[in-house]
Every structure is written in structure tokens, then in C-alpha cells.
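Just so you know, these numbers come straight off a predicted model, no measurement behind them.
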Protein chains: 2
Amino acid sequence: MLSTQPVSHEAGRQRQGRLWSNLKEVCDLLHLPPISINSEELLFQHVQFKTGQRVHTIGQPFDMLYVVNSGFLKTVLIDEFGNEQVLAFPMKGDLMGVDGIHNKTYSSEAVALSDCDLVLLPFKKLTTLGRTHVELENMMYGVMSRELVREQAMIGMLGALSAEARVARFLVTLSDRFSQMGYSSKLFNLRMTRHEIGSYLGLTLETVSRTLSAFNEIGLISVDQRTIGIKDVDALKSLRRLPPSRTRSKLPARAKAAAAEAQVPLLATL
Amino acid sequence: MLSTQPVSHEAGRQRQGRLWSNLKEVCDLLHLPPISINSEELLFQHVQFKTGQRVHTIGQPFDMLYVVNSGFLKTVLIDEFGNEQVLAFPMKGDLMGVDGIHNKTYSSEAVALSDCDLVLLPFKKLTTLGRTHVELENMMYGVMSRELVREQAMIGMLGALSAEARVARFLVTLSDRFSQMGYSSKLFNLRMTRHEIGSYLGLTLETVSRTLSAFNEIGLISVDQRTIGIKDVDALKSLRRLPPSRTRSKLPARAKAAAAEAQVPLLATL
DNA sequence: CGAACCATTGACGGGGCTCAAATTGTGTGG
DNA sequence: CCACACAATTTGAGCCCCGTCAATGGTTCG
């Protein structure tokens, strides 16, 4: 039902019956300092996608980047057996399509999980413009680097955290994102299935479901189908565990602040 | 010992007592089409690092990209407990430092696993130059996008493959890389410890060790400490398994070629 | 209103982590 | 060059987390 999703598109204006955004609005969306560019007339077109529609598919010729203005999506890899591997859940302010630059074809698939409004960024246009506007060029590099850092963090999580910790982090991250977007950080609806969450976190859907139920029972959250209430953010944030432990480096003087106080004793002890 | 490591540096020339490379040589190193740029005099300095030395550390101000000309390294994340998470094992032709563009500080640490020779690419110089040379700019975007795609594949692996499959893939990838570099693809030395491999693959060092021993026993490889002999590449390549299975998408008509013939029945059945 | 799809929960087993010890390799100082 | 300390690797035993299989009920949508 998407009841909590706003229909208003702050960024964007009508023109020729469609929505368009100027560069400043795109920068705002990406959480980047606005670029003082003379060409105020530079506009980017929006496109709408309905739930279930594909924004781009694997192998499709690349020519566009996309910025999410509203709505929720998933990006997935498809392996040789047809299995989906969820890579991310892009939402407002996220950039999509960067993986297509290399090879000139998209290497992932983007699917709308709800009705979406996306800003189209023709890549050629962007680079051409960047050549004369240093700030734009820096923005491009910055955004791509940010994506890379994000993925590195993801690798770190998949490589080092337990199922409980992954789910907890997932919830905290979602909460933060919703908060950024002006929604409640304490109560929100998941736009994806347990299956998709599991794929994203490297877990099965049953483990995701069980972990959510466990969090619910000990009062960290409330769960009702796709409605999640965050009850104890701090507990969720500090919930860790190190299955591949003994992975400690021998340079203890490194942790910026061994300020990691006593951790929640994890669920098993309850 | 590094007995199999060549001391020669194909790319690079002496000048002022140091090694320098021009743009064409850098492109070759990165496996990119050579850029026909007029400034033949454009040279990039090399720097040498000894085993154990850090190329850059987390938080250090960013201003350089690095291309590996020879030697082996690891890039790592450090979590709040001081634990290392290995992100990659850069070797000849790999680019390092891209994660530093965003935030102007490196978000990972690069450590030399052997004596190394790196080409320094001052980022400012690169972008400035890219503004007047479209090809160079495209190269920059392309390389960054390639890194991103690589990390996406890594996420897919960590999220979907069993321990055996991860180790098998790791070996095949290494074999390919060594082959590319002109070494034997059938016999090579690991430059990293079991611990580092485990961190990279999201496993414990014991699991890595046991898996290698198991591969050895069934004749897929030979193992003697850090010397690996590849006996049956095809078996290693086709060795998969899908712990988070049932992850099959409901659109079976997708797999580009259900050409996935019968797989090796995995170790457990032997 | 029925047919998918989705979520929850239980039972069970095994893959991989933990703890432990023995062996071998590696680096450093005398 | 050798001896010693330490790091790396291997291997075993045990167990627990989480994947697998299965059944039920709820939700959605044509």
C-alpha cells in the first residue's frame, strides 16, 4: 500500500508535461555541496517507474546514470543459475548505474520495489559538462568513490559479522536513511521481502525472519509483517559478534578508541 | 624468499636516479587501450616499498592514486576492535587509493606483502590533465567503475558461496592473475598467510587450511606451505555450492545459458 | 474467491567456528 | 652460523549457528 510514501516531489518542476530538475537540485539530492554553475537552464529529465518495473537490465547498453528522487528499488546480480544476489536497496538520494561505465553495459539490474521517480543523468552530457566545470567533475569522482567506500563497508560486514549483527546493522542503517528522508526513524515499513533482505545480507529468509522475531521478543524492536518499530537503537547499534574472531590484529594500539564498551551479551545468553 | 619474483621492471626508465613511467606505460599496466596523448614528456614517478611497509593508512590525507608495477600487497579495513578485514590483494596492474577521493582521506590501509614498486599518480594532476584529454578522463571513470564491478562480484561471492567454493574461486583467480603477469598459472607461491586469506574470504584460517588440505587429498591441487600447484582447474572452476539456495529467482528464462552442466558433486560426497 | 506469494515457526543436521596442541617455518641476536 | 623465540600451518575434537526441509496461516491481487 505504500501508505507512508509521499506523493510530492520536492525537487523537480513541471515543464512540457514532465518533471525536470536543475543541477542544484540534483546536488541536493546527492547530499553534495551545490555547484555554482552558470547554466541555470541545465535541466535533467525525470522518469517514473511502477512497482516491479526494471530500470535497466544486465548487458543493456549503458548511457545513463540515475538518481533516486522518490521510491525504493533493489539492484541485483544474476548468477549462472538464475539466482538473484541483492547488492543494494537504493532510495532517495542514491546513485545507480555507475557499474555500467566500465564495459559500456550495465553489470547489474535495477528493479523498482515501489513506484519510483528517478532523475536521468546522461553520462556523456555529464562528462562533457564536467570538462568545463571543475566542481561537477569533482562531484562525479566523489560520488563514484563514495559508492566504492560503501561497498567496501558491505564486504567488511559480510566477512566479519554474525547473522544477528547483520540484521541489526541493516535495521539501524534503514532507520538512519528514513530519518534523513524526513520519515520517522522509529517506525517504518520495509519495502522488500525477507527473501531479498536475506540475499542482501548473505542469509536465508528464515534466518532473517527468526532474527527479527528474536529482536522483537527481547524488546529491541516491534515486528508486524513489514512494519518495523525501533525500540532500542543503541542496543541494535552495539550488537556485534565476531564469528571469524581471533582475527584480531597484533597491533592493539590501533583501534582509534578501544572505546568499545561492554557489548550486548548477544541473544544466545538470554 | 620471493624466489619467483622478477627483479626487472619492464615499465619504467631511469631518470634522476629513480624510475619513471609515461602515460602509455601506465595504460599498459592497467590493461587499458593506450592513450594517444601529445605530452610524451608526461612522466610519473615510481616509489619502492619494502615488505611490511604501509603505502597509505586510514585517515591519511588523500592526494595520490597508486598503480602496482611489481610486488604484492593487501588492502584492509580496521574495525573498532582493531580487527583487520582484508579487502583485496592488489598486484601488478591494480589501482589503489580510489577510496580516498571521497572525504579526501583514505578509508583503507595498503600494506606491502613483498617488496613493491608502485607508480605514483597525483590525483590533481590526473584530473587537470583529463580536462583537456577526453581519453584520459574516460580512462579514469572506466577504472573506477571497474573497481566497483569487482567489488560487486566480491559481495556476490561472500553472500552466496560456500567455503569450498570461495577457496576454489580464490585459487582460480590467483592462477589467472599469475598467468596474466607471465608467471606459471600451474605453480605459484601465495604471498599472504592463511589468516589473511580467511579474512579476505570471510572464513577462519583453520577452514582455509582444511579446505586446501581437502583439495590436495582429492587431487585438485598440491599444497606445500605457501606453494600451490593447480592440478585440475576445471574442477576448481565448476566447484560451487549455494548455501543460501532456494534463492532462485522465479524468472527461469533469465540465465543467459542454463549451460551450467552437471557440477562437481562437491567434496562432501567423496 | 482462489492462487500465488509472503511470513512465521519447528525440527533437524551439518558446515564451519572455537579451542587446543603439535609441528614446522621464520627472523633475530649472540 | 646457530639457537631461540615467535609466527604460521596443520590437524583433531566438539559444538553451535544457521541452512535445510516442512507445515501453517496471512496477505495480495487478478
Side-chain angles (χ1 to χ4, degrees), chain A residues 1-3 50-52 83 113-114 158-167 189-199 201-217 222-228 241-251 266-270, chain B residues 1-3 50-52 83 113-114 158-167 189-199 201-217 223-228 239-251 266-269:
Chain A
M1 272 305 150
L2 307 174
S3 53
K50 295 223 183 91
T51 305
N83 301 336
L113 297 180
S114 72
L158 290 177
L161 296 188
S162 68
E164 290 162 10
R166 292 182 204 185
V167 175
N189 287 314
L190 300 177
R191 298 316 201 292
M192 63 293 285
T193 68
R194 302 287 191 264
H195 182 183
E196 287 162 341
I197 297 173
S199 173
L201 298 176
L203 305 170
T204 58
L205 75 170
E206 293 95 332
T207 298
V208 173
S209 178
R210 265 188 266 268
T211 305
L212 289 176
S213 296
F215 286 171
N216 181 42
E217 274 179 37
S222 64
V223 186
D224 176 51
Q225 295 294 124
R226 297 209 182 168
T227 302
I228 300 286
R241 255 264 326 288
L242 15 168
S245 89
R246 241 179 327 153
T247 305
R248 296 159 184 289
S249 83
K250 311 93 201 180
L251 313 173
L266 54 145
L267 296 182
T269 68
L270 295 175
Chain B
M1 276 300 157
L2 306 175
S3 54
K50 295 223 182 93
T51 305
N83 299 337
L113 296 179
S114 73
L158 290 177
L161 296 188
S162 69
E164 290 161 9
R166 293 182 204 185
V167 174
N189 286 315
L190 301 177
R191 299 317 205 289
M192 63 295 283
T193 68
R194 303 283 190 266
H195 181 166
E196 287 161 341
I197 297 173
S199 173
L201 298 176
L203 305 170
T204 59
L205 74 169
E206 293 96 330
T207 298
V208 174
S209 177
R210 265 188 264 268
T211 304
L212 288 176
S213 297
F215 286 171
N216 181 41
E217 275 180 37
V223 185
D224 176 50
Q225 294 294 123
R226 299 209 181 169
T227 302
I228 301 287
L239 185 37
R240 287 154 219 274
R241 256 258 331 286
L242 15 167
S245 87
R246 243 179 326 153
T247 305
R248 295 158 186 290
S249 84
K250 313 92 203 183
L251 314 171
L266 52 143
L267 295 182
T269 69

Quiz item: Taking OP1 and OP2 of C:dG15, is either one under 4.0 Å from a side-chain nitrogen or oxygen of B:S162?
Solution: no
Quiz prompt | d(CG, A:L212; P, C:dC6) in whole Å | solution = 16 Å
Self-check item: Heavy-atom closest pair, residues B:L201 and B:R166
Solution: O-NH1, 2.7 Å
Quiz item: Heavy atoms under 4.0 Å, any strand shown: does A:V223 hit a base, just sugar-phosphate, or nothing?
Solution: sugar-phosphate
Quiz item: What integer distance in Å separates B:R191:CZ from C:dG25:P?
Solution: 18 Å
Exercise. Give the minimum heavy-atom separation between A:Q225 and A:R194, together with the two atoms involved.
Key: O-NH2, 2.7 Å
Quiz item: Please give, in whole Å, the distance from D:dT10 C1' to B:H195 NE2?
Solution: 16 Å
Practice problem: Determine the minimum heavy-atom distance between B:V223 and B:N216, stating which atoms define it. | Solution: N-OD1, 3.6 Å
Quiz item: Which one, C:dT8, C:dA20, C:dC17, comes nearest to the side chain of B:E206?
Solution: C:dA20
Practice problem: Name all residues meeting the side-chain hydrogen bond (donor to acceptor under 3.5 Å, both in side chains) criterion together with A:S222; count only those two or more places apart in sequence or in a different chain, and write none if there are none. | Solution: none
Self-check item: Set of residues satisfying side-chain contact (heavy atoms from CB on, under 4.5 Å) with respect to A:R210, sequence neighbours excluded
Solution: A:E206
Quiz item: Would you say C:dC17 has OP1 or OP2 under 4.0 Å from some side-chain N or O of B:T207?
Solution: yes
Self-check item: Residues that B:T207 engages under side-chain contact (heavy atoms from CB on, under 4.5 Å), provided they are two or more places apart
Solution: B:A163, B:L203, B:T204, B:T211
Quiz item: Closer than 4.0 Å, any side-chain N/O of A:T204 to the OP1 or OP2 of D:dC18?
Solution: no
Quiz item: In whole angstrom, what separates B:R210's CZ from D:dA8's C1'?
Solution: 15 Å
Quiz item: What's the CG-C1' distance between A:N189 and C:dA7, to the nearest Å?
Solution: 15 Å
Exercise. Give a yes/no on whether any side-chain N or O of B:R226 is located under 4.0 angstrom from OP1 or OP2 of D:dA8.
Key: no
Quiz item: Counting side-chain heavy atoms from C-beta on, which of D:dC18, C:dA7, D:dA8 comes nearest to B:T193?
Solution: D:dA8
Quiz item: To the nearest angstrom, how far is B:L205 atom CG from C:dA20 atom P?
Solution: 15 Å
Self-check item: Pairing residues for B:S213 by the side-chain hydrogen bond (donor to acceptor under 3.5 Å, both in side chains) criterion, not counting sequence neighbours
Solution: none
Quiz item: Considering the terminal five base pairs at each end of the helix from C:dC1-D:dG30 to C:dG30-D:dC1, what angle separates the two local helix axes, rounded to 10°?
Solution: 60°
Practice problem: In whole angstrom, give the distance that lies between atom CZ of B:R194 and atom P of D:dA8. | Solution: 12 Å
Quiz item: How long is the line joining CG of A:L161 and C1' of D:dC17, in whole Å?
Solution: 15 Å
